[in-house]
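Here is how names work: the chains are called A, B, and so on, in the same order as the sequence lines, proteins then strands, and each is numbered from 1. All of these numbers come straight from a predicted model, not from anything done at the bench.
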There are 2 protein chains.
Amino acid sequence: MKKLINAVDDVVADELKGIELAHPDLVRVDHENAVIYRADAPVKGKVALISGGGSGHEPMHGGFVGKGMLDAACAGPVFTSPTPDQMVAATKAVASEAGVLYIVKNYTGDVMNFEMAAEMVAMEDESIRIETVVIDDDCAVQDSTWTAGRRGVGLTVLLEKIVGAAAEAGQDLDSCLALAKKLNAQGRSYGMALDACTTPAAGQKSFELADDEMELGVGIHGEPGRETAKIMDAHGIAEHMVKAVTDDYDFSDEDVIVMVNGMGATPLIELYLMYGEIAQMLADKGIKIARNLVGNYITSLDMAGCSLTILKADEEILRLWDAPVLTAGLRKGI
Amino acid sequence: MKKLINAVDDVVADELKGIELAHPDLVRVDHENAVIYRADAPVKGKVALISGGGSGHEPMHGGFVGKGMLDAACAGPVFTSPTPDQMVAATKAVASEAGVLYIVKNYTGDVMNFEMAAEMVAMEDESIRIETVVIDDDCAVQDSTWTAGRRGVGLTVLLEKIVGAAAEAGQDLDSCLALAKKLNAQGRSYGMALDACTTPAAGQKSFELADDEMELGVGIHGEPGRETAKIMDAHGIAEHMVKAVTDDYDFSDEDVIVMVNGMGATPLIELYLMYGEIAQMLADKGIKIARNLVGNYITSLDMAGCSLTILKADEEILRLWDAPVLTAGLRKGI
């Protein structure tokens, strides 16, 4: 295993030190609880957005903490859910009288722990109102190694940005929750891998692919996907991904936001090339890309590959998408 | 070879299509000449900054075209200099009465072709004044496979940002040139690789490393570095890199801008971890990091590894660093 790390058990703690040193203007880090807070949290009167999950998906979620996006991100060990205790600490630190929204990707551990955290907070302090949205946008597989139901993947990035803007604009908890559920209902993702990732703990690739094989419908935790297939060129891969997503939801004649996301070890030259293929295919289907995002936003350590996320977007969603955001991983207008 | 590409010969053309479709608000693409222009170029009265080089280093240079940074970037084939004809086309398209600054990384092909382009433009149109800065910040090796003298690497990113801000603020060509030379004189870089890259044309790794080896002082074109060494942990690697850079230039008791850059296939979790190590070491040496940049900015296709760039920065340089910039690869304040 070749990685820029020290002891395997210290990877996340060491990373958090780096984030703290790199971005003192944006965030502060609670090392005891492995939580990244927006520097000015709690923000009075604003719905607080809290997310989190296993580490290894950077910049998600810690890189999305800041003005216009998340108030706190709980960092679990690599590919392992953070604990309810971490989530409780985060909740107490950022909760305002406007309430708290948990943004949870649909993985069994994450869902269970955020549920437990909400119960623990309720027992301690009835005044903190908590709602939860569970994201399950991955149309590749119905259930998986890690999930009952569909997995939560790329849509999380777009949702955290858009609901973050709504919260920043002063929308109340009910509105933020309704918006989050609406986004989850009208967004879909699908991923593929040219090569698997290696977790520091395992020290070897999470699955094996031959030199002429790729994994289609892959997740973000090194779990197998929908099928192993012979490798295709970018055009063929784009066609497969676009079909998978557009077969699952009808985006035709709608404005959409499209994300072409790298899995961690795929260079930007390939991601732009894929975006070119995908954008042309969507145009041919009468789907209008109103906004796009190309780059590494929700990764799977050093997995090579990419994912496609499409979100149906009305004017209100586009306005929230365009709102200023200031985080380490995504910034505009500030 | 596993890559998200179509035909090997079409990689750059296909990528440029994707960039054009993704960023019509920021850039326009001249496909015939493989040049990326700032959308509103030529900008009247502003010194035009033109850079370029082989492709495979994305987001550099095309991702740095836009307000507050470059006016044009010439995209050569992967790891191959663009031609003088491309540079002439770029010059004619963006030149204003304020003149043109060529920002050239010190590689033999790039230097020769930008020189030739300047001569060709001079023969056609005497009214266009062109100056050139050649960047040679890599303190790893004196000469290399591709270079007489030191290579131009990570400092290019910082220089394009800072001189871009100066040009945007209305500084004249002499001032921009003097600033660029000053930055080059007081910035140093050093890179390392855990694994080599694979160019589409070669289809195999540019050099071989055993499972327990890394390459120190590596360049950005798959060329060998200073030495092949047994792999170390992040702390050991950071120590080696910090020593190499600070032995070459005395940054003590100065404000600096530090970039920890990924080579293309290294996930962000590792880059932040490295930044944590490096920032601590520099603090221990009395070097004050005033600003930092952590991420993939000057890459080498799918090479795994990172580079460190340190630039001595006075108040004026920091002010220019903080100025608004709006490009695909770097943005702040807009």
Minimum heavy-atom distance between A:Val78 and B:Ile269, given as atom pair plus value: CG2-CD1, 4.5 Å
Heavy-atom check, side chain of A:Leu4 versus side chain of B:Met192, under 4.5 Å: yes
Residue pair A:His23 / B:Tyr272, side-chain heavy-atom distance below 4.5 Å: yes
Residue selection (most heavy-atom pairs with chain A, distance under 4.5 Å) from B:Glu213, B:Lys17, B:Glu58: B:Glu58
Residues in salt bridge (Lys or Arg N to Asp or Glu O under 4.0 Å) contact with A:Arg28, at least two apart in sequence or another chain: none
Interface residue of largest heavy-atom contact number with chain B, from A:Ile237, A:Asp211, A:Leu16, under 4.5 Å: A:Asp211
Minimal non-hydrogen separation, B:Leu21 against A:Gly276, with atom names: CD1-O, 3.8 Å
NZ (A:Lys67) with more than 12 external heavy atoms under 6.0 Å: no
Pairs of heavy atoms under 4.5 Å with chain B: top-ranked of A:Met274, A:Lys3, A:Gln280: A:Lys3
Evaluation steps, side-chain contact (heavy atoms from CB on, under 4.5 Å), between A:Asn6 and B:Glu277: CA-CA 10 Å; A:Asn6 297 308; B:Glu277 295 288 341; 2.7 Å; yes
Proximity breakdown for B:Leu209 and chain A, heavy-atom pairs closer than 4.5 Å: both
Best-contacting candidate, A:Gly264, A:Ala22, A:Pro267, against chain B by heavy atom pairs under 4.5 angstrom: A:Ala22
Between B:Asp14, B:Leu194, B:Asp25, the one whose heavy-atom pairs under 4.5 Å with chain A are most numerous: B:Leu194
Interchain contact, A:Ile278 with chain B, by part (heavy-atom threshold 4.5 Å): neither
Option that, when pairs with chain A are counted at under 4.5 Å, heavy atom only, ranks first among B:His235, B:Arg291, B:Met263: B:His235
Largest heavy-atom contact set with chain B, pairs under 4.5 Å, which of A:Gly18, A:Ala234, A:Gly329, A:Ala304: A:Ala234
Interface residue of largest heavy-atom contact number with chain B, from A:Asp10, A:Val294, A:Val11, under 4.5 Å: A:Val11
Heavy-atom proximity to chain A below 4.5 Å, by part of B:Thr299: neither
CE-CD1 distance between B:Met1 and A:Ile231, expressed to the nearest 0.5 angstrom: 9.0 Å
Validation row: A:Lys2, B:Met214 side chains within 4.5 angstrom (heavy atoms): no
Student check: side-chain heavy atoms of B:Leu273 and A:Ile5 closer than 4.5 Å: yes
Spatial distance of atom CD (A:Glu270) from atom CG (B:Leu301) [nearest 0.5 Å]: 8.0 Å
